[in-house]
Amino acid sequence: MLLMIVIILLMFTVIVVAHEWGHYITAKKCGILVHEFAVGMGPMLWSKQVGETLYSIRLLPIGGYCRMEEEVGENTNPRAMASKKPWQKLLVVSAGAIMNFLLAWFLLAIFAGYYGTSTNVIKEVQTNTPAYEAGLQTDDRIIGINGYKVSNLSELSTHMSKEVSTYTLTIKRANQVIEIPVATRIMEGEESPRFGFVIKTSHFNIWQNIKTGFLMEIAVIRMVWESLVGLISGAIGFDQMAGIVGVVDAGSQVWDSSMQAGGVNLALMNMVYMAALLSANLGVMNLLPLPALDGGRIFFILIEMIRGKAIPPEKEGAVHFIGMVLLMLLTVAVLYNDIMRLRG
């Protein structure tokens, strides 16, 4: 239980630090004065002044912030964010979400590497199957099917029919390239036709893991976006939203079930996957053009770029204040929803 709690807190911390570090490092590169880099909210637990920036850890592990010199309005200080060019401000504000997307990609690449990706090399040929009868052997590399080049199992499956058919497999065996006709067959107790061999899985193909991680992230972002659309349209009920309490509860369930199924390694990898989901989710949510979110600030910066001057700071500040109040109310409502779900 203690290890699970530590892992979940670490997961939240890494996601928040990645987001705020994106703002921080981009601000530094643009010459903006950063007063404080904080992990957590509320009362300060620890702090250290390094140069011009105060680094702090605060009591509540529910967020963080990067406090910069004069973020809105007009300022003659050349190191204030408000005095920077619109494209520089756009970079700084966008960098948090970008870092969350990069973190999610990195974590999903690790996850893909742990579970492995299919290759095009035969690991095992099962007896009494079409592959066995056609003479396929262990370590044969399938490089083509019906004249199409393939490099992994998914590409092989793309060219296969759901009906029983005969295919010409191009095989690389030792230093020879040979073509072998193989017919698929529906095995006893199964519904779909297959050849009858098992493909090797690669865990250490870094480029393949990076590619798989990227494709997985695209799928996650699409899922988050579809959920948002469903929430707005009413297809998904508000009671299905989860806040930090719901995430912790889901994390504990994932941890417990993973420990029972495969032990610590599996539990850790599933938490890595969950962290990637949360990081990508945070990236999408922060880019929504809503007041108090990074997307809301991006919206004002884009208006500044179009009209050639910034919105009056008191007006922008009022909009963000109202947005913050509404965001806090939403947070309370989601928290209540989480608690009621746990009680139920």
Side-chain angles (χ1 to χ4, degrees), residues 12 15-16 18-24 26-27 30 32 34-38 40-42 58 60 62-75 80-101 221 224-234 236 238 241-244 247 278-338:
F12 280 116
I15 293 171
V16 169
H19 183 91
E20 297 304 328
W21 188 83
H23 293 313
Y24 168 83
T26 312
C30 291
I32 297 170
V34 179
H35 292 291
E36 183 179 359
F37 181 93
M41 306 291 281
R58 296 179 176 267
L60 304 175
I62 55 174
Y65 57 87
C66 181
R67 184 165 58 87
M68 298 171 241
E69 174 73 13
E70 290 296 338
E71 299 186 29
V72 296
E74 297 180 0
N75 195 295
M81 181 170 175
S83 69
K84 297 299 179 181
K85 297 182 188 304
W87 68 266
Q88 291 176 306
K89 291 188 280 188
L90 186 63
L91 282 177
V92 173
V93 176
S94 304
I98 292 172
M99 281 304 303
N100 280 129
F101 291 135
I221 292 173
V224 173
W225 180 252
E226 290 174 350
S227 298
L228 284 172
V229 172
L231 190 65
I232 294 172
S233 66
I236 298 177
F238 178 79
M241 289 186 67
I244 186 169
V247 170
L278 291 174
S279 188
N281 192 300
L282 180 61
V284 172
M285 295 298 293
N286 261 279
L287 289 179
L288 294 178
L290 300 176
L293 297 178
D294 290 341
R297 297 180 65 194
I298 290 173
F299 179 74
F300 278 100
I301 294 171
L302 292 176
I303 291 179
E304 178 184 350
M305 295 176 76
I306 293 172
R307 69 196 296 260
K309 61 179 180 178
I311 299 293
E314 62 277 5
K315 292 183 180 180
E316 182 178 349
V319 172
H320 288 313
F321 176 76
I322 294 172
M324 180 62 72
V325 172
L326 294 176
L327 185 61
M328 292 303 295
L329 291 175
L330 177 62
T331 302
V332 172
V334 173
L335 177 62
Y336 174 79
N337 187 43
D338 285 344

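Scope of the values below: all heavy atoms of this structure, side chains included, with no hydrogens, waters or symmetry mates. Because the structure is predicted, anything quoted here is derived from the model rather than measured.
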Tell me the closest heavy-atom pair linking [X] and [Y], and the distance in Å.
{"X": "T26", "Y": "A95", "result": "OG1-CB, 3.1 Å"}
{"X": "A97", "Y": "G283", "result": "CB-O, 3.6 Å"}
{"X": "P86", "Y": "I301", "result": "O-CG2, 3.5 Å"}
{"X": "G22", "Y": "M99", "result": "CA-CG, 3.3 Å"}
{"X": "V16", "Y": "G64", "result": "CG1-N, 3.7 Å"}

**Report entry** Candidate pair H23 and D294, rule side-chain contact (heavy atoms from CB on, under 4.5 Å), full reasoning
**Finding:** CA-CA 10 Å; H23 293 313; D294 290 341; 3.2 Å; yes

Report task. Check step by step if side-chain contact (heavy atoms from CB on, under 4.5 Å) holds for L228 and M285. Result -> CA-CA 9 Å; L228 284 172; M285 295 298 293; 3.7 Å; yes

Interatomic distance, [X] atom [atom1] to [Y] atom [atom2] [nearest 0.5 angstrom]:
{"X": "M41", "Y": "L60", "atom1": "CE", "atom2": "CG", "value": "8.5 Å"}
{"X": "R297", "Y": "L302", "atom1": "CZ", "atom2": "CG", "value": "13.0 Å"}
{"X": "I98", "Y": "N286", "atom1": "CD1", "atom2": "CG", "value": "11.5 Å"}
{"X": "K89", "Y": "M68", "atom1": "NZ", "atom2": "CE", "value": "12.0 Å"}
{"X": "K85", "Y": "C30", "atom1": "NZ", "atom2": "SG", "value": "11.5 Å"}

Report task. For F299, look at atom CZ and say whether over 12 heavy atoms of other residues, nucleotides or ligands are found less than 6.0 Å away. Result -> no

Query raised in the report: Would a 4.5 Å heavy-atom cut-off, applied to side chains only, mark M305 and L90 as touching?
Result: yes

Query raised in the report: With a 4.5 Å limit on heavy-atom distance, are the side chains of V34 and C66 in contact?
Result: yes

Query raised in the report: So K84 and V92, side-chain contact (heavy atoms from CB on, under 4.5 Å) or not? Walk me through it.
Result: CA-CA 10 Å; K84 297 299 179 181; V92 173; over 6 Å; no

Report task. Using ring-ring contact (aromatic ring centres under 6.0 Å, His included) as the criterion, point out the one residue from Y65, W21, Y24 that pairs with F37. Result -> Y24

Requested in this report: Please assess L287 against F101 for the test side-chain contact (heavy atoms from CB on, under 4.5 Å), listing each intermediate value before the final yes or no.
Outcome: CA-CA 11 Å; L287 289 179; F101 291 135; 3.7 Å; yes

Requested in this report: Give a yes or no answer on whether the side chain of R307 reaches the backbone of K309 with a donor-acceptor pair at less than 3.5 Å.
Outcome: yes

